[in-house]
Amino acid sequence: MKIAVIGATGMLGCHIAHAVIDSGHSLVVIHRTSSKLDKLYGLPYTSRIASLEGEAGLVKALAGVDAVIHAAAYYPTVPRSWKADLKLARAQMGLFLSACKQAHAVRPLRVVYVGAAIALQRGVKGAPGTEANSYSTQPREKNNYLQVKWAMDTMALQAAAEGLPMVIGIPTMS
């Protein structure tokens, strides 16, 4: 199976890239031209240049892959308001999902989005959240990371409900 990883140079993504190879699959790393690929040293992979800000490039990068894992993390490089981060995250996730739908229309594509436990509402009496504890509306807390991951999770769930073969993986500790 040919598996693409977006975010393969990040904290979780580099482990995902290694797991893809360790499982006997072919690895396609989708990255920006500015990405530092040293975390992937020694891994056999195909490099494809694309950005979460360019739909056409993503569609081209997804050509011929069987699955894509979106592990690109929210990482602000400049301080912004939570509303600005939320707008950017929605735009990038929208382009990613649109590219996946276009690629899936040409050839079956499985999609995994790496979510975050922070986007799960706490359980009763402060118990840890589970997938059953999704926020029914936008969280009140204006933490940028929470807002971004909640929005991206919500968009991923909607895409899955519309028929895109997608799952959300939520690491328990990062």
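Everything numeric here is computed off the predicted structure, so don't read it as measured data.
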Side-chain heavy atoms of Cys100 within contact of Leu109, under 4.5 Å: yes
Those residues that, when tested against Glu141, pass salt bridge (charged side-chain N to carboxylate O under 4.0 Å, His left out) (two or more places apart): none
Validation row: Phe96, Met155 side chains within 4.5 angstrom (heavy atoms): no
Val114 and His70, any side-chain heavy atoms less than 4.5 Å apart: no
Nearest heavy atoms of Val65 and Ala4, plus distance in Å: CG1-CB, 4.1 Å
Co-members of Trp82 in a cluster of I, L, V, M, F, W and Y side chains, linked at under 4.5 Å: Leu86
Side chain to side chain contact (heavy atoms under 4.5 Å, CB included) involving Pro165 - partner list, sequence neighbours excluded: His104
Exceeds 12 heavy-atom contacts within 6.0 angstrom, atom NZ of Lys87: no
Atom pair OG1/CD1 of Thr33 and Ile49 - distance to nearest 0.5 Å: 6.0 Å
Val5-Val167 co-clustered via ILVMFWY side chain contacts under 4.5 Å: yes
Val112 and Ile16, any side-chain heavy atoms less than 4.5 Å apart: no
More than 12 heavy atoms of other groups within 6.0 Å of Lys60 NZ: no
Closest non-hydrogen atom pair between Gly115 and Asp153, with its separation: CA-OD1, 3.6 Å
Pairwise side-chain contact, Val29 with Leu43, heavy-atom cut-off 4.5 Å (strictly under): no
Which atom of Ser51 lies closest to which atom of Leu58, heavy atoms considered: O-CG, 3.4 Å
Co-membership, hydrophobic cluster, residues Val59 and Leu164, 4.5 Å side-chain: no
4.5 Å side-chain heavy-atom contact, Met1 and Val20: no
Closest non-hydrogen atom pair, Lys149 against Ala116: CE-CB, 3.6 Å
Polar side-chain atom of Thr154 near backbone of Trp150 as donor-acceptor pair, under 3.5 Å: yes
Reported OH-to-CG distance for the pair Tyr135 and Leu120, which is rounded to 0.5 angstrom: 8.5 Å
Shared hydrophobic cluster for Leu157 and Leu97 (ILVMFWY, side-chain gaps under 4.5 Å): yes
Check: Arg80 side chain, Asn144 main-chain N or O, donor-acceptor pair, under 3.5 Å: no
Any side-chain heavy-atom pair of Lys83 and Gln147 under 4.5 Å: no
For the student: nearest non-hydrogen atoms of Arg48 and Ala61, plus distance: NH1-O, 2.6 Å
Same apolar cluster: Leu37 and Leu27, side chain cutoff 4.5 Å: yes
Minimal non-hydrogen separation, Ala17 against Ala8, with atom names: CB-CB, 4.2 Å
Same apolar cluster (I L V M F W Y, side chains within < 4.5 Å links), Leu88/Leu95: no
Side chains of Ser47 and His31 in contact at under 4.5 Å (non-hydrogen atoms): yes
Check against side-chain contact (heavy atoms from CB on, under 4.5 Å), Asp66 and Arg107: CA-CA 8 Å; Asp66 301 299; Arg107 176 184 171 160; 2.6 Å; yes
Evaluation steps, side-chain contact (heavy atoms from CB on, under 4.5 Å), between Ile30 and Leu62: CA-CA 8 Å; Ile30 299 175; Leu62 292 173; 3.9 Å; yes
